[in-house]
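A short worksheet on the structure shown next.
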Amino acid sequence: MILMSPPCQPFTRIGLQGDISDPRAKSFLYILDILPRLQKTPSYILLENVKGFESSEAREALISTLQKCGYTYQEFLLSPTCLGIPNSRLRYFLIAKLQNEPFSFQTTSQILDEFPSSISVGPDCTGTDYCLGGDSQATMDQNLSSHPCGTNALPDKTLLYKLETAEELKRKQIQNNDSSVHMLKDFLEENIEMSDYFLPPKSLLRYALILDIVKPTSRRSTCFTKGYGHYVEGTGSVLQTATDVEIDSVYKTLDSLTEEKKLEKLSSLKMRYFTPREIANLHGFPADFGFPGKTSIKQQYRLLGNSLNVHMVSNLITILLQSH
């Protein structure tokens, strides 16, 4: 079996998108070069990468090589929300096996945005047809359009107090109302020194309107990247720990306040970063997982931001090894 997660930088949507011309793709292309020449071809292959890989030249080279070597394969775009885990981490996956051992489900040339409905997967998805579909935009759009408020309407008294569209806010509300997904509180640490993780005043004032704020009772969080804890914008959600304070009451008057009063209002929410252990919990790392003693908090965030969800990989390996 080959399990691989090639460097993602050539394919990230915010990068240069150098694809196969990026030097960091060389190790992956080397694997594709030697695969047809191996005396004993591996029976199974699992590959993970970022969304964007599915439209790359590297992916075309991969599919061509797999077909040449006699593999059947299935591609996926999946997020942990599909397993009831309240964290969006949309990733491309491919599983492949030699054609003399067919898959236990009907493969398709389409990229699937959920696990095959005939397969029982865990920890919480039980093989039913309902899944969040890996945060696929089509699934979200369908949910939004079927909602009585539609995509462009919101319930009365709803405030768009942050830099988000009505559609984004509605998507978050739908996610938080999805009882098939755990609440974040199931993944949080107890008895931590919260003050160590509070957002500094400068970050509160500068990024107040773009923070993705969640509560312990929320059923969603955004993807945690390697810049989490160091950068604020687009690196992951922050946790509002003052659950008795209404966020609307804080944000609706911010524009009219002095900087001092604004900071006082924002500080009342007691927003903090998720701890590395909490992110590891969302990733499915076991309770006895830990970092070497000298690993700094910043390094831990970087490593976790570059990691992947254990439950996703576990289920894909299970599916890969199931016989027809």
For this session: Answer yes or no: is there a donor N or O on one side and an acceptor on the other, between the side chain of Asn306 and the main chain of Lys226, under 3.5 Å?
Result: no

Exercise. Same cluster for Val310 and Ile319 if Ile/Leu/Val/Met/Phe/Trp/Tyr side chains link at under 4.5 Å?
Worked result: yes

Exercise. Given the rule in the side-chain hydrogen bond (donor to acceptor under 3.5 Å, both in side chains) test, do Gln74 and Thr107 qualify, once you have shown the distances and angles that lead to the verdict?
Worked result: CA-CA 6 Å; Gln74 181 61 59; Thr107 58; 4.9 Å; no

For this session: For Asn315 and His311, indicate whether the former's side chain and the latter's backbone hold a donor-acceptor pair under 3.5 Å.
Result: yes

For this session: For Arg272 and Glu278, run salt bridge (Lys or Arg N to Asp or Glu O under 4.0 Å): C-alpha distance rounded to whole Å, both residues' side-chain angles, the deciding distance at 0.1 Å, then the answer.
Result: CA-CA 12 Å; Arg272 70 165 176 87; Glu278 290 166 344; 2.9 Å; yes

Exercise. Aromatic ring centroids of Tyr71 and Tyr73 under 6.0 Å?
Worked result: no

For this session: Could you tell me whether the side chain of Thr65 and the main chain of Ala61 form a donor-acceptor pair under 3.5 Å?
Result: yes

Problem set entry | Between CD1 on residue Ile95 and OG1 on residue Thr72, distance to nearest 0.5 Å | 9.0 Å

Exercise. CG of Leu78 to CG of Leu316: how many Å apart, nearest 0.5 Å?
Worked result: 6.0 Å

Problem set entry | Shortest non-hydrogen contact from Arg220 toward Ile213 | NH1-O, 3.9 Å

Problem set entry | Minimum-distance pair of heavy atoms, taken over all atoms of Glu54 and Ile111 | CB-CD1, 3.6 Å

Exercise. Does the pair Leu204 and Met271 meet the rule for a side chain to side chain contact (heavy atoms under 4.5 Å, CB included), with working shown?
Worked result: CA-CA 9 Å; Leu204 284 177; Met271 291 185 282; 3.5 Å; yes

Exercise. Do the side chain of Thr81 and the main chain of Pro86 share a donor and acceptor less than 3.5 angstrom apart?
Worked result: no

Exercise. How about Glu259 and Leu205: do any of their side-chain heavy atoms sit closer than 4.5 Å?
Worked result: yes

Problem set entry | Derivation and outcome, side chain to side chain contact (heavy atoms under 4.5 Å, CB included), residues Tyr207 and Leu199 | CA-CA 10 Å; Tyr207 299 106; Leu199 271 68; over 6 Å; no

For this session: Please check if atom CG in Asp196 has more than 12 non-hydrogen atoms from other residues, nucleotides or ligands closer than 6.0 Å.
Result: yes

Exercise. When you check the gap from the basic side-chain N to the acidic O, do Asp244 and Lys270 get nearer than 4.0 Å?
Worked result: no

Exercise. Would you find a donor on one side and an acceptor on the other, under 3.5 Å apart, between the side chain of Gln110 and the backbone of Leu112?
Worked result: no

Exercise. Taking atom types as modelled and ignoring hydrogens, do the side chains of Thr275 and Glu189 form a donor-acceptor contact shorter than 3.5 angstrom?
Worked result: yes

For this session: Identify, with sequence neighbours excluded, every residue that meets salt bridge (charged side-chain N to carboxylate O under 4.0 Å, His left out) alongside Arg302.
Result: none

Problem set entry | Gln99: partners by side chain to side chain donor-acceptor pair (under 3.5 Å), with sequence neighbours left out | none

Problem set entry | Nearest-0.5 Å distance that lies between atom CG in Asn49 and atom CG in Leu94 | 11.0 Å

For this session: Could you tell me the separation between the CE atom of Met312 and the CZ atom of Arg91, rounded to the nearest 0.5 Å?
Result: 10.0 Å

For this session: Under the side chain to side chain contact (heavy atoms under 4.5 Å, CB included) rule, what do Tyr301 and Thr225 come out as? Steps first, then yes or no, please.
Result: CA-CA 8 Å; Tyr301 280 134; Thr225 73; over 6 Å; no

Problem set entry | Closest non-hydrogen atom pair between Leu98 and Thr41, with its separation | CD1-O, 4.1 Å

Exercise. Mind checking whether Lys265 and Thr253 have side chains closer than 4.5 Å, heavy atoms only?
Worked result: yes

Exercise. When you check the side-chain N and O atoms of Lys172 and Gln175, is any donor under 3.5 Å from an acceptor?
Worked result: no

Problem set entry | Val181 vs Ile85, side chain to side chain contact (heavy atoms under 4.5 Å, CB included): CA-CA, chis, key distance, verdict | CA-CA 6 Å; Val181 178; Ile85 299 166; over 6 Å; no

Problem set entry | Contact summary for Val313 and Leu308, nearest pair of heavy atoms | CG2-CD1, 3.5 Å

For this session: Apply the test side-chain hydrogen bond (donor to acceptor under 3.5 Å, both in side chains) to residues Glu260 and Thr258: give CA-CA distance (whole Å), side-chain angles for both, the deciding distance (0.1 Å), then the verdict.
Result: CA-CA 5 Å; Glu260 184 181 348; Thr258 64; 5.4 Å; no

Exercise. Does Tyr251 use its side chain to pair, donor to acceptor, with the backbone of Ala208 at less than 3.5 Å?
Worked result: yes

For this session: For residues Asn87 and Phe224, determine if any side-chain heavy atom of one lies less than 4.5 Å from a side-chain heavy atom of the other.
Result: yes

Exercise. Is the backbone N or O of Thr295 less than 3.5 Å from a side-chain atom of Gln300, with the two atoms forming a donor-acceptor pair by type?
Worked result: yes

Exercise. Taking all non-hydrogen atoms of both residues, which atom of Pro286 and which atom of Arg277 are closest, and how far apart?
Worked result: O-NH2, 3.2 Å

Problem set entry | Asp212 side-chain N/O to Ser237 backbone N/O, donor-acceptor pair under 3.5 Å | no

Exercise. Counting heavy atoms not belonging to Glu233, are there more than 12 under 6.0 Å from its CD?
Worked result: no

Exercise. Do Ser88 and Ser79 have side-chain atoms, one donor and one acceptor, less than 3.5 Å apart?
Worked result: no

Problem set entry | Residues Glu246 and Lys252 bridged, charged N to O under 4.0 Å | no

Exercise. Heavy-atom distance under 4.5 Å between the side chains of Leu266 and Val250, does that happen here?
Worked result: yes

For this session: Kindly indicate whether the side chain of Pro216, heavy atoms from C-beta on, has any atom under 4.5 Å from the side chain of Leu184.
Result: no

Exercise. Taking the six-membered ring for Trp, are Phe28 and Phe53 parallel (under 30°), tilted (30 to 60°) or perpendicular (over 60°)?
Worked result: perpendicular

Exercise. Between His283 and Leu304, which heavy-atom pair has the shortest distance, and what is it?
Worked result: NE2-O, 3.1 Å

Exercise. Heavy-atom distance under 4.5 Å between the side chains of Glu114 and Phe76, does that happen here?
Worked result: no

Exercise. Is a side-chain donor or acceptor of Asn177 paired with a backbone partner of Gln173 at a separation under 3.5 angstrom?
Worked result: yes

Seminar exercise, completed: CD (Glu48) and OG (Ser307) are apart, to the nearest 0.5 Å, by 9.0 Å

For this session: Hey, could you give me the NZ/OG distance between Lys215 and Ser221, rounded to the nearest 0.5 Å?
Result: 15.5 Å

For this session: For residues Tyr273 and Tyr197, establish whether the separation of their ring centroids is below 6.0 Å.
Result: no

Exercise. Aromatic rings Tyr228 and Phe274: how do their planes relate, parallel, tilted or perpendicular, breaks at 30° and 60°?
Worked result: tilted

Exercise. Counting only N and O atoms by type, is there a donor-acceptor contact under 3.5 Å from the side chain of Gln240 to the main-chain atoms of Val245?
Worked result: yes

Exercise. With a 4.5 Å limit on heavy-atom distance, are the side chains of Leu239 and Leu188 in contact?
Worked result: yes

Problem set entry | Side-chain heavy atoms of Leu46 within contact of Met4, under 4.5 Å | no

Problem set entry | Cluster overlap Tyr231 with Leu303, hydrophobic side-chain contacts below 4.5 Å | no

For this session: Give the cluster check for Leu83 versus Met183: same hydrophobic cluster or not, with ILVMFWY residues linked at side-chain heavy-atom distances below 4.5 Å.
Result: no

Exercise. Using 30° and 60° as the class limits, which term best fits the ring planes of Phe285 and Phe289: parallel, tilted or perpendicular?
Worked result: perpendicular

